[in-house]
J.: 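Before I ask anything, here is the structure I am working with.
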Amino acid sequence: MSDDKSSYTYADAGVSIDAGNALVKAIAPLAKATARPGATSELGGFGGFFDPKAAGYEDPLLVAANDGVGTKLKLAIDYDRHDTVGIDLVAMCVNDLIVQGAEPLFFLDYFATGKLENGVAERVVAGIAEGCKQAGCALIGGETAEMPGMYAAGDYDLAGFCVGAVERGEQLTGDAVAAGDVLLGLASSGVHSNGYSLVRRLARDKGWKLDRPALFDQERLLIDALIEPTRIYVASLLPLIRDGLVHGLAHITGGGLLENIPRILPKGAHARVDADLWQQPMLMAFLQAQGNIEPEEMARTFNCGVGMVLAVAQANVEAVTQRLEDAGETVVHVGQIEEGQRGCTVRGSQGTWSGQADWEASHLG
């Protein structure tokens with residue numbers, strides 16, 4: 001029986017102040033390495049300052065985005081792949097900013113776990129810092145919460161918050177998208193950060209051996225193909241946006257091509273996507289075959305090899321394609337904008353995405 005006079009400490013309750021302090025010390029240099037004009041504050045304060053004037057903005061609109069990486073985290077936890085989920089976290093936020101014409105300026109993260117141990121948090125934050133470097137934004141702060149009893153042993157959760165800026169009048173609203181525009185797709189790096197509840201369900205039901213070479217790529221373990229971090233498109237797209245060469249941009253996340261493209265369309269514009277125009281990645285074909293997934297379901301669940309879609313005037317297609325390829329992107333023609341009810345139609349011929357016959361899926365509104 002406990003002594004009523006016993007002295008309780010926070011450590012007795014399962015929270016280590018020392019572990020938290022050690023983590024801040026370990027990640028401070030990582031954050032410092034992401035510094036950019038406008039970001040000058042050190043980690044450890046109550047907040048992070050950012051000066052838009054020092055970043056070169058005259059009259060900026062601020063744009064904010066926040067996101068997580070969904071159940072991809074569970075794969076990272078179960079297979080000790082903590083080093084790149086931070087890149088996913090940044091990617092999901094900054095790719096949502098760039099589609100609005102905004103340059104990502106600064107990022108904050110939230111990491112919550114039952115117990116800080118084994119250097120997992122440092123590995124995750126190192127990935128966040130790497131994502132910030134790729135996106136050109138500064139990691140200016142965050143929160144690490146140690147919450148005993150809230151999470152199973154080894155589990156953690158992750159959220160990211162990013163603020164970007166665009167000069168007033170230069171924001172991408174989709175209003176410029178018009179019939180005759182060509183839809184260009186930028187290749188994805190894999191599943192990105194959506195659809196993992198289905199991926200994990202398939203892995204469980206089909207008894208996948210994730211630590212063995214993938215059926216579709218004997219050079220890689222299946223877990224490494226599935227955990228591949230989300231591609232960050234900011235550096236490739238920002239110069240084109242600033243030169244006025246992009247009418248609209250859609251980040252292909254949950255809802256796939258079918259539901260994300262309509263988000264950038266004005267009334268009277270309909271996107272027609274032709275799946276015959278590009279090669280389905282082997283990873284996507286594997287997921288589809290394993291789950292016996294209908295092509296229409298693929299179009300609204302996974303990115304199907306295309307992580308970002310641009311609407312571009314026909315006259316600028318060649319120049320835009322060349323500049324994107326020079327920036328390291330793989331560019332595919334995926335369709336065009338027509339007059340019609342606001343929405344998107346994805347179609348394919350028999351055999352495309354394993355279709356038993358010609359197929360079509362539509363999403364309106």
Side-chain angles (χ1 to χ4, degrees), residues 27-28 30-43 45-57 60-70 72-73 84-112 121 124-145 156-168 170-173 186 189 192-194 229-239 241-242 249-254 260 263-264 307-308:
I27 65 180
L30 298 173
K32 201 164 192 173
T34 68
R36 53 152 294 150
T40 53
S41 51
E42 298 277 331
L43 277 194
F46 287 101
F49 284 93
F50 192 92
D51 180 0
K53 279 241 176 358
Y57 287 89
L61 293 174
L62 296 181
V63 190
N66 74 312
D67 214 333
V69 297
K72 188 173 191 175
L73 268 188
T84 57
V85 285
I87 299 175
D88 286 297
L89 185 69
V90 175
M92 294 305 286
C93 294
V94 299
N95 286 342
D96 275 354
L97 292 182
I98 195 71
V99 298
Q100 294 169 95
E103 175 191 13
L105 298 178
F106 61 88
F107 191 90
L108 300 102
D109 68 284
Y110 174 80
F111 178 99
V124 172
V125 176
I128 293 170
E130 171 57 30
C132 285
K133 278 192 217 166
Q134 290 182 24
C137 68
L139 177 59
I140 65 168
E143 167 69 0
T144 304
Y156 59 87
D157 201 7
L158 207 50
F161 309 84
C162 196
V163 173
V166 57
E167 288 291 4
R168 191 180 302 275
E170 292 180 12
Q171 64 269 31
L172 287 182
T173 60
L186 302 185
S189 53
H192 283 188
S193 297
N194 297 98
T230 307
R231 189 164 179 81
I232 291 173
Y233 299 99
V234 171
S236 309
L237 290 171
L238 199 55
I241 293 166
R242 287 183 166 161
L249 277 172
H251 182 201
I252 309 305
T253 54
N260 282 293
R263 294 165 68 176
I264 64 160
M308 189 70 76

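On a predicted model such as this, the values are computed, not experimentally measured, just so you know.
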J.: If the test is side chain to side chain contact (heavy atoms under 4.5 Å, CB included), which one of Phe161, Tyr110, Phe107 qualifies with Leu89?
T.: Phe107
J.: Within the structure provided, determine whether Leu158 and Val124 are in side-chain contact (heavy-atom separation under 4.5 Å).
T.: yes
J.: Run the side chain to side chain donor-acceptor pair (under 3.5 Å) test against Asp67 and tell me which residues pass, sequence neighbours left out.
T.: none
J.: Indicate yes or no for a side-chain donor-acceptor contact from Thr34 to the backbone of Leu139 under 3.5 Å, with no hydrogens or angles considered.
T.: yes
J.: Could you work out, with side chain to side chain donor-acceptor pair (under 3.5 Å) as the rule, every residue matching Thr144, not counting sequence neighbours?
T.: none
J.: If you compare all heavy atoms of Pro60 against all heavy atoms of Glu167, which two are closest, and at what distance to 0.1 Å?
T.: N-OE1, 3.8 Å
J.: Any non-hydrogen side-chain atom of Gln134 less than 4.5 Å from a side-chain atom of Val234?
T.: no
J.: What closest approach, in Å, do Cys162 and Pro104 show between heavy atoms, and which atom pair accounts for it?
T.: SG-CB, 4.0 Å
J.: Using side-chain contact (heavy atoms from CB on, under 4.5 Å), reason through Ile264 and Leu249 one step at a time and then give a plain yes or no.
T.: CA-CA 7 Å; Ile264 64 160; Leu249 277 172; 5.7 Å; no
J.: Could you tell me which residues satisfy side chain to side chain donor-acceptor pair (under 3.5 Å) with Arg168, sequence neighbours excluded, listed by chain and number?
T.: Asp59
J.: Can you see which heavy atom on Ala55 is nearest to which on Leu105, and at what distance?
T.: CB-CD2, 4.4 Å
J.: For Asn260 and His251, run side-chain contact (heavy atoms from CB on, under 4.5 Å): C-alpha distance rounded to whole Å, both residues' side-chain angles, the deciding distance at 0.1 Å, then the answer.
T.: CA-CA 7 Å; Asn260 282 293; His251 182 201; over 6 Å; no
J.: Under the rule for ring-ring contact (aromatic ring centres under 6.0 Å, His included), what residues qualify as partners of Tyr156, not counting sequence neighbours?
T.: His82, Phe111
J.: Closest approach of Val63 and Gln100, non-hydrogen atoms and distance?
T.: CG1-NE2, 3.6 Å
J.: Does a side-chain heavy-atom distance below 4.5 Å link Tyr233 with Val99?
T.: no
J.: Treating Asn95 as the side-chain partner and Arg231 as the backbone partner, does any N or O pair qualify as donor plus acceptor under 3.5 Å?
T.: yes
J.: So which atom in Ile140 and which in Ala39 form the shortest heavy-atom distance, rounded to 0.1 Å?
T.: CG2-CB, 3.9 Å
J.: How long is the span from the CD1 atom in Ile232 to the SG atom in Cys132, to the nearest 0.5 Å?
T.: 8.0 Å
J.: How close do Cys137 and Phe106 get, heavy atom to heavy atom, and via which atoms?
T.: CB-N, 4.0 Å
J.: Do the side chains of Leu186 and Leu237 get nearer than 4.5 Å, heavy atoms only?
T.: yes
J.: Please list all pairs passing the salt bridge (charged side-chain N to carboxylate O under 4.0 Å, His left out) test where one or both residues lie in residues 97-112, with sequence neighbours left out.
T.: Arg36-Glu103, Glu103-Arg242
J.: Residues two or more places apart in sequence or in another chain: which of them pass side chain to side chain donor-acceptor pair (under 3.5 Å) with Ser193?
T.: Asp88, Thr230
J.: Before giving the answer on side-chain contact (heavy atoms from CB on, under 4.5 Å), spell out for Thr253 and Met92 the whole-Å C-alpha distance, their side-chain angles and the decisive distance to 0.1 Å.
T.: CA-CA 8 Å; Thr253 54; Met92 294 305 286; 3.7 Å; yes
